[in-house]
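First comes the structure, then the notes that go with it.
Remember, it's 1-based here, ligands and their atoms both numbered in the order they're listed. Since we're looking at a predicted model, the values are computed, not measured.
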Amino acid sequence: MAQVQRMSRLMVKTLRDDPADAETLNHKLLVRAGYVRRTAAGIWTWLPLGKKVYENVARIVREEMDAIGGQEVLLPALLPKEPYEASGRYEEYGDLLFRLKDRKGSDYVLGPTHEEIFTQVVKDQCSSYKDLPVILYQIQTKYRDEARPRAGVLRGREFQMKDSYSFDTSDEGLAEAYALHRGAYQRIFERLGLDYRIVSAVSGAMGGSASEEFLAPAPAGEDTFVDCPECDYAANTEAVTFALKPVSVEGHPAAEELDTPDTPTIETLAEHLGVPASATLKNLLVKVDGEIVAVGVPGDREVDLGKLAEHLAPAEVELVTAEDFEGRDDLVRGYVGPQGLGKVRYLADPRVAPGTSWITGANKPDTHARNVVCGRDFEVDDYLDVVVVEAGDPCPLCGAGLKLGRAIEIGHIFQLGRKYADTFQLDVLGQNGKPVRVTMGSYGIGVSRAVAALVEQTADEQGLCWSKEVAPADVHVVAAGKAVQTELALDVAAQLGAAGVRVLVDDRAGVSPGVKFTDAELIGVPQILVAGRRSAEGVLELKNRRTGEREELSVAEAIARLSA
Ligand code: ATP
Ligand code: MG
């Protein structure tokens with residue numbers, strides 16, 4: 001027996017027009033179809049239809065987390081600040097963290113994620129290696145004071161996340177917990193009906209621990225990623241690497257200086273010499289922990305300062321200012337070249353490989369040099385992938401031209417290691433009777449965001465278009481309006497319900513058939529069954545919401561088909 005929900009008794013107010021402030025499809029359609037209501041910026045109310053979809057997503061997540069041995073818990077969202085102070089995140093989170101005081105003046109936070117608290121739970125509950133491994137998860141409300149909470153339920157300030165945490169005594173155990181999560185996430189997103197890619201979240205160069213993101217390609221997404229049209233490769237743009245391909249330094253003409261008045265930028269230089277910007281070498285000066293460092297990239301490429309900072313972390317990276325040139329006769333602003341840099345550290349993109357020849361600054365005002373060869377006229381101290389990735393850049397695996405796309409981050413899996421265990425001294429007694437430091441993984445899925453991602457990927461001009469497991473009902477029965485039609489609709493709905501099919505039946509009186517059909521398309525239940533013209537003969541019309549295919553069926557046929 002499944003639920004038969006009568007529209008006449010359902011709190012749903014559909015709208016013909018998009019809300020004025022809506023920029024994304026999920027915001028427009030979830031509001032128009034009566035699934036959610038905006039309470040404040042980035043803060044949403046789930047209305048009856050929306051709650052059903054949300055719960056379906058949560059159920060799928062639960063089932064797959066339970067299947068890998070996860071144990072569900074529920075931690076508070078209102079948390080003391082001390083654990084976050086201990087980990088350093090009370091400061092690090094900055095404005096993202098909601099901070100508040102109780103009546104006694106003690107400080108609290110609204111949890112943005114729960115690594116600290118889970119570590120404390122396990123420290124309290126587990127004391128021996130026999131208590132591990134353990135995977136704990138919760139589906140819970142998180143709070144982050146996002147700077148731009150403008151994309152509907154895609155980016156909330158209050159939102160729902162499934163967060164899980166694995167605790168192991170060995171690196172192998174952590175790798176296993178990570179692999180279990182990876183598999184569970186694949187099954188979850190498949191069942192949700194999301195198109196997704198798994199991308200590595202940090203660049204290989206950083207070494208460190210494994211971390212992957214699950215991205216759902218969609219124009220509304222706030223992440224850019226690269227996708228190889230020829231092979232399986234997909235990556236966060238930050239993680240794309242370019243292979244260093246050294247060639248022989250022999251055979252190049254000797255370097256020579258060129259008189260290039262008033263050419264302090266790549267554009268002015270390339271125009272003056274009549275060469276493409278790609279023939280020139282751009283040398284960006286930055287300060288790394290206060291020391292001036294030069295970064296060389298082809299003249300037609302941009303340096304991604306975020307990537308650079310990430311590579312050099314924890315060192316602080318800043319741009320140089322005019323003052324930094326004072327007393328530095330070795331640095332001629334606008335005319336820097338790596339061949340005359342002396343002790344200044346020179347970092348470069350792998351495109352500046354040994355054997356490549358460049359036009360670059362000659363370290364004299366108004367002067368450049370050509371035939372400046374890497375490995376002959378200058379050396380690179382360190383190679384770093386720091387250029388902004390562009391469409392057409394070669395795939396690191398197969399060399400095909402990469403495509404750039406936008407995507408929504410729907411999940412993240414992360415081998416944290418011992419960071420939090422160190423902070424909270426989480427040890428258990430090992431097999432040999434000595435304490436062992438525990439190693440941790442943390443894994444998130446945006447449950448509310450997954451609802452938004454589904455809308456962004458599947459909705460069409462008419463409205464929402466849910467996948468089977470997520471839809472608020474299996475079939476939307478529409479009674480066109482006359483008594484005989486309503487009678488048939490309610491009868492079929494009851495029989496379907498008895499057969500275990502979840503039914504939404506539009507039995508509203510005084511609503512025109514046109515409005516009912518439009519609403520059915522907007523609400524997006526996968527099958528629409530209409531009791532219309534041929535109701536007196538007991539014939540119904542079944543319409544597939546996604547394909548638009550229609551066919552006429554008898555009551556018995558409709559029930560057999562839909563309950564199959
Ligand atoms: P983003 O880069 O989009 O801000 P994040 O890297 O901060 O995400 P995590 O801290 O890894 O995200 O959180 C785990 C998951 O929670 C994310 O993969 C995403 O699906 C979801 N999530 C994060 N922030 C929000 C938000 N403001 N609203 C809805 N879901 C979110
Ligand atoms: Mg974030």
Element-labelled atoms of ligand 1 that are located less than 4.0 Å from some non-hydrogen atom of Gly411
18 (O)
Please determine if Met161 has a nitrogen or oxygen closer than 3.5 Å to a nitrogen or oxygen of ligand 1.
no
Under 4.0 Å between a Lys/Arg side-chain N and an Asp/Glu carboxylate O for Asp227 and Arg197?
yes
Atoms in ligand 1 flagged as close to Glu146, the criterion being non-hydrogen separation under 4.0 Å:
24 (N), 26 (C), 27 (N)
Taking only Lys NZ, Arg NE, NH1 and NH2, and the carboxylate oxygens of Asp or Glu, determine whether Glu63 and Arg187 approach each other closer than 4.0 Å.
no
Between Arg89 and Tyr420, do the side chains contain an N or O donor and an N or O acceptor separated by less than 3.5 Å?
yes
Taking everything shown except Lys81 itself, do over 12 heavy atoms lie less than 6.0 Å from its NZ?
yes
If you measure every N or O of Gly446 against every N or O of ligand 1, does any of those distances drop under 3.5 Å?
yes
Taking heavy atoms and a distance under 4.0 Å, where does Arg144 meet ligand 1: side chain, backbone, both or neither?
side chain
Are Asp519 and Arg16 ion-paired here, with the side-chain N under 4.0 Å from a carboxylate O?
yes
Between Asp349 and Lys307, does at least one N-O distance fall below 4.0 Å, as a salt bridge requires?
no
Between Asp300 and Arg351, is there a salt bridge with N-O shorter than 4.0 Å?
no
Quick look: Arg449 vs ligand 1, heavy-atom contacts under 4.0 Å, and the answer is side chain
Nearest heavy atom to atom 1 (P) of ligand 1, choosing from Glu222, Arg155, Lys142, belongs to Arg155
Hey, is Leu154 one of the residues with a heavy atom under 4.0 angstrom from ligand 1?
yes
Just wondering, do Pro472 and Lys51 contact through their side chains at under 4.5 Å, heavy atoms?
no
Contact check, Thr113 vs ligand 1, heavy-atom distance below 4.0 Å:
no
Does an N or O anywhere in Asp223 fall below 3.5 Å from an N or O of ligand 1?
no
Between Gly444 and ligand 1, does any nitrogen or oxygen pair lie at a separation below 3.5 Å?
no
Ser448 to ligand 1: N or O pair under 3.5 Å?
no
